[in-house]
Student: 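Dumping the structure here so I can ask a few things about it.
Please read all numbers here as calculations on a predicted model, not as lab measurements. Below, all heavy atoms of this structure are taken into account, side chains as well, without hydrogens, waters or symmetry copies.
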Amino acid sequence: MAAVAASPAAAAEDQELQREAVPGLESQRRQIENGENGRGRPLQAGESWFLVEQHWYQKWEEYVQGGDQDSSTSPGCINNAGLFEDQVNWRLKKGLVEGEDYVLLPAAAWHYLVNWYGLEHGQPPVERKVVELPGIQKVEVYPVELLLVQHSDMDTAHTAQFSHTDSLDLVLHTAREQFLVSPQEETRLWIKNAEGSFERLCNTHVTVLDAALKTGQVVIMETRNKDGTWPSAQPHAMNSATEEEEDFQGQPGICGLTNLGNTCFMNSALQCLSNVPQLTEYFLKNRYLEELNFCNPLGMKGEIAEAYADLVKQAWSGHHRSIVPHVFKTKVGHFASQFLGYQQHDSQELLSFLLDGLHEDLNRVKKKEYVELCDAAGRPDQEVAQEAWQNHKRRNDSVIVDTFHGLFKSTLVCPDCGNVSVTFDPFCYLSVPLPVSHKRVMEVFFVSMDPRRKPEQHRLVVPKKGKISDLCVALAKHTGVSPERMMVADVFSHRFYKIYQLEESLSSILDRDDIFIYEVSGRAAIGENSREDVVLPIYLRERTPARDYNNSYYGLMLFGHPLLVSVPRDRLSWDALYHILLYRLSRYVTRPSSDDEDDGDEKDLEDKDTLPKPGHVAGSSSQDPGLEQAGPSSGVAGGSRAPVDNSPGPSHWPQRARRKHLFTLQTVNSNGTSDRSTFNEDTHAQPYIAIDWEPEMKKRYYDEVEAEGYVKHDCVGYVLKKAPVRLQECIELFTTVETLEKENPWYCPTCKQHQLATKKLDLWMLPETLIIHLKRFSYTKFSREKLDTLVEFPIRDLDFSEFVIKPQNESAPELYKYDLIAVSNHYGGLRDGHCRCPGVAGAHPGGGGRGTPGGERSVWTGRRGHRGGRSESGPWTLPRPRRAAEDAGLRPLLQTPRSPATRTAVSGTTLMTTASRP
């Protein structure tokens, strides 16, 4: 009983103590209204303010203004019941207005009131944050209420409140906690718009306000599948295929890429990059998520990095035999229009774009500062190099820089004043030239003046930078004909595309050109009895009926091979030329018999009567020379090897005689398509003669099979042996001194003018993973070619120490030894070809792209245990024109020979190596 009786006394004592702790009414009013922590204080972003019902607050104001602390008008406990819709979820009513429905108090004032008057039992405090919106700070009374759902269960939603200033990371974290997602699983967010479409929330570092999320909006959390794919990326039609892929369990990383049509260049580059250990580990462990740079104006808004990450996760999940890189291809085409469509491209060009895109998407530098490049100005190399690298890192800091970037030393020397400029420049890969042979093999056809000899095909070795005269000299060694008695022409479509002069460069002749070298009469000394020959270009044409409504018009079509014929100037008559040409064509043109000569009808003779009477030129004979006279005179007499400028034009030519001939002769233009007599041309222009055949006469006397015949000289079997070169030779060539071209001069700060300075590149610092690009495609003004020189290099411990000029620390020297991890190889020529990333030794030769681990002989097994992948072949490679018979399997490009000396031959374009580790 005593204990029970003591209870009211203790309660009264507590009330008395509490009353003593409550300050006076005027003090309360000052602390709540005007104090340092009162209602009048300015808002500060991030601090908490509390809502108090307006009705209770008014009662409190009346109470403190009354001055009677013991008055019955005390407001009692704080009661915010009028602010809530219900007493269960305690959700605020919509449309509450400050000053009418509630007042806002800072945290300190709120705690004063709670201590003085208490809070109604069971009611939660209504705490809200001050947010900083564009141009204003305000208390966020109504947070954003989002409906969180899972991609696998869109019907079950969980409501969560977020401030406008909360980041999407918090939204994702809340969703993961709500749906019990394990830390190892990767997730991403989508939102459902009002029209029912879905949009990715890529940048989770932005706020809810920046993402424009509104109350009631559905946020979907998607969880990545075990095979590395996203459920949203799988069409419904592929659900069954996806289930089969999930059941498949293979070796991670051994995965093919489906050829979408001429995308082998992309697949081989992706396979190489996928097998870089540091980079793949970076993506597989999701470290890239924290470094995605969505605001970099030079980047791709993180889309290239995310698309590549998806590919890596799928390839290394172990659940795929092959994957279709369609999404990645679309992203690449979106940001690099040159890769749109399905044309063939260079694998190195794609790799360069991808490395640059990944770097900018993952650049840790969010705001690049201006950095002024400084010359060495006599300072030590180590100081200048360290400064250059630090300046580079101030603007470029990413996993790509950490893995692939090295440093050049560039030295420029002015040829006039001797000023030396030294700079250090970063690089991502080495594009090294191949030692180019100074010889060139050319195939030509030699046409002798002897009509009995068929044209001969010759394969000649000439200087690559030689002249047309060098080609004639090389041919003279095979034929015994003097170079002075040769003329070189490019024949295309039965006509002379170009007749070359001796001084012209051989670089103007492409390998695909049909080059004919004609024997012509030689050059005799000028004297009283000397005479000059005119070299006439001769075309063959056939008269064909045109498709006219009455067939009254006849067209002329070129056929056969044109000729260059030497004609004595004193025999420039039509009949003399006719017999000279008949002699030159005697191997495949049959001379008509005497009966055939008289086989013309009266109509033919009447037609001949319409021709002008025969005329003469100076020195010509009125008699028609016979075949016996035409033969020797057409080639033996001395004369000029090229047409002379004062050769008679069409208006001075002798007129044709009336006689039954196999063909007629006509002066034409250089294309052989128009009669020159119809034009008012310069009479000193080069004359071209066309031999016009009637179809019946051609069929009767012209042997097409014999005319097209030719023989091969023994030299055709000659193959120019190309000795293989070591990769070190390519590096040496890369670091040799060169003189700048006229199109790219250097401005000398001392001379104050542009100079063709000498330039030398040296390797100062090498990266962890070194990419070497072999520049096999050679382009000049006149020609393009692919160099097929064999390059040899070791597959392990490729030592670059001799090329790195950075001084070594004797106590802790740096090692510059590399192991080969991947090769992107191009087969074919300039017009078409195929890129491959050769597979693991022991890989299955066909479908699916699976591979078995190789032993010590596997050239693709790196020091870190990573093996090179490969582009899909066989059934996964779409056929291209003229390549449908491509082999389905993969021939290992690099093999370790049985001999102890490890030497490897490769004809590829891009090598990828990683630093050796003991």
Student: When rounded to the nearest 0.5 angstrom, what distance separates OG1 in Thr739 from CD in Gln755?
Tutor: 12.0 Å
Student: Is it true that a side-chain atom of Arg459 and a backbone atom of Val716 form a donor plus acceptor pair closer than 3.5 Å?
Tutor: yes
Student: Decide yes or no on side chain to side chain contact (heavy atoms under 4.5 Å, CB included) for Leu577 and Val567, but give the supporting numbers first.
Tutor: CA-CA 7 Å; Leu577 182 60; Val567 179; 3.7 Å; yes
Student: Would Lys454 and Phe445 count as a cation-pi pair here, with the cationic atom under 6.0 angstrom from the ring centre and within 45° of the axis?
Tutor: no
Student: Evaluate the ring planes of His458 and His478, with Trp represented by its six-membered ring, and classify them as parallel (under 30°), tilted (30 to 60°) or perpendicular (over 60°).
Tutor: parallel
Student: Answer yes when Arg485 and Glu519 have at least one side-chain N-carboxylate O distance shorter than 4.0 Å, and no when they do not.
Tutor: yes
Student: Check for a donor-acceptor pair, side chain of Asn669 on one end and backbone N or O of Asn671 on the other, with a separation under 3.5 Å.
Tutor: yes
Student: Using the rule given for side chain to side chain contact (heavy atoms under 4.5 Å, CB included), can you reason through Arg495 versus Tyr539, listing the C-alpha separation, both sets of side-chain angles and the distance that settles it, and then say yes or no?
Tutor: CA-CA 7 Å; Arg495 59 174 60 91; Tyr539 291 151; 3.8 Å; yes
Student: Please round to the nearest 0.5 Å and tell me the distance separating atom CG of Leu563 and atom CZ of Phe516.
Tutor: 10.0 Å
Student: For the residue pair Phe663 and Tyr701, establish whether any side-chain heavy-atom pair is separated by less than 4.5 Å.
Tutor: no
Student: Regarding Ser347 and Ser824, do their side chains bring together a donor and an acceptor under 3.5 Å, going by distance alone?
Tutor: yes
Student: What pair of heavy atoms forms the shortest contact from Ile538 to Phe496, and how long is it?
Tutor: N-CE1, 4.3 Å
Student: Show the nearest heavy-atom pair for residues Leu506 and Pro463, with the distance to one decimal.
Tutor: CD1-O, 3.6 Å
Student: Any ion pair linking Arg587 and Asp703 (charged N to carboxylate O, less than 4.0 Å)?
Tutor: no
Student: Got Ile691 and Leu581 here, is their nearest side-chain heavy-atom distance under 4.5 Å?
Tutor: yes
Student: Return the minimal non-hydrogen interatomic distance between Phe446 and Arg453, and the atom names on each side.
Tutor: CE2-NH2, 4.2 Å
Student: Just by distance, with hydrogens left out, do His345 and Gln343 show a side-chain donor and acceptor under 3.5 Å apart?
Tutor: no
Student: Under a 4.5 Å cut-off applied to non-hydrogen side-chain atoms, are Thr673 and Val668 in contact?
Tutor: no
Student: Heavy-atom count around Gln753 CD within 6.0 Å, excluding the residue itself: above 12?
Tutor: yes
Student: Measuring from Glu738:CD to Leu733:CG, what's the distance to the nearest 0.5 Å?
Tutor: 9.0 Å
Student: Any idea how His661 and His579 line up, ring-wise: parallel (<30°), tilted (30 to 60°), or perpendicular (>60°)?
Tutor: perpendicular
Student: Flag the pair Glu504 and Lys498 as a salt bridge only when some basic side-chain nitrogen lies within less than 4.0 angstrom of an acidic carboxylate oxygen.
Tutor: yes
Student: Hydrogens and angles aside, do Ser566 and Asp533 bring a side-chain donor and acceptor to less than 3.5 Å of each other?
Tutor: no
Student: Could you check whether Lys467 pairs with Glu503 (Lys NZ or Arg NE/NH1/NH2 to Asp/Glu carboxylate O, under 4.0 Å)?
Tutor: no
Student: Are any side-chain N or O atoms of Ser268 and backbone N or O atoms of Cys264, one a donor and one an acceptor, separated by less than 3.5 Å?
Tutor: yes
Student: Any non-hydrogen side-chain atom of Val535 less than 4.5 Å from a side-chain atom of Tyr518?
Tutor: no
Student: Using a 6.0 Å cut-off, check whether atom OH of Tyr747 has over 12 heavy atoms from anything other than its own residue.
Tutor: yes
Student: Determine, step by step, whether His494 and Phe559 satisfy the ring-ring contact (aromatic ring centres under 6.0 Å, His included) criterion, reporting the C-alpha distance in whole Å, the side-chain angles of both residues, the deciding distance to 0.1 Å, and the verdict.
Tutor: CA-CA 6 Å; His494 312 291; Phe559 71 93; 7.6 Å; no
Student: Does some side-chain heavy atom of Leu502 sit less than 4.5 Å from a side-chain heavy atom of Cys472?
Tutor: yes
Student: With a 4.5 Å heavy-atom cut-off, do Lys698 and Glu696 have their side chains touching?
Tutor: no
Student: What's the shortest heavy-atom distance between Ala707 and Tyr702, and which atoms?
Tutor: CB-OH, 3.3 Å
Student: For residues Val447 and Leu564, determine if any side-chain heavy atom of one lies less than 4.5 Å from a side-chain heavy atom of the other.
Tutor: no
Student: Output yes when a side-chain donor or acceptor of Arg541 lies under 3.5 Å from a complementary backbone atom of Gly672, and no otherwise.
Tutor: yes
Student: Test side chain to side chain contact (heavy atoms under 4.5 Å, CB included) on Glu443 and Gln457 and set out the steps.
Tutor: CA-CA 7 Å; Glu443 290 189 358; Gln457 183 183 16; 3.2 Å; yes
Student: Give, for atom CG of Leu475 and atom OG of Ser482, the distance between the pair rounded to the nearest 0.5 Å.
Tutor: 11.0 Å
Student: What is the distance from atom CZ of Arg591 to atom CG of Leu585, rounded to the nearest 0.5 Å?
Tutor: 13.0 Å
Student: Under 3.5 Å, side chain of Tyr578 to main-chain N/O of Leu662, donor-acceptor pair present?
Tutor: yes
Student: Below 4.5 Å, heavy atoms only, C-beta onward: do Met442 and Ile509 meet side chain to side chain?
Tutor: yes
Student: For Pro568 versus Ile580, what's the shortest heavy-atom pair and its separation?
Tutor: CD-CD1, 4.2 Å
Student: Passes side chain to side chain contact (heavy atoms under 4.5 Å, CB included), Arg440 versus Asp511? Steps please.
Tutor: CA-CA 10 Å; Arg440 176 184 177 185; Asp511 291 337; 3.2 Å; yes
Student: Looking at Ile517 and Val488, what are the two nearest heavy atoms and their distance?
Tutor: CG1-CG2, 3.9 Å
Student: Please check if the side chain of Thr263 supplies one atom and the backbone of Leu260 the other of a donor-acceptor pair under 3.5 Å.
Tutor: yes
Student: Take His561 and Glu708 through the side chain to side chain donor-acceptor pair (under 3.5 Å) test and state the conclusion after the steps.
Tutor: CA-CA 8 Å; His561 298 300; Glu708 296 293 329; 3.3 Å; yes
Student: Checking Asp490 side chain against Ile515 main chain: does a donor-acceptor pair fall under 3.5 Å?
Tutor: no
Student: Quick check for you: to the nearest 0.5 Å, what is the distance between Met449 atom CE and Arg452 atom CZ?
Tutor: 12.5 Å
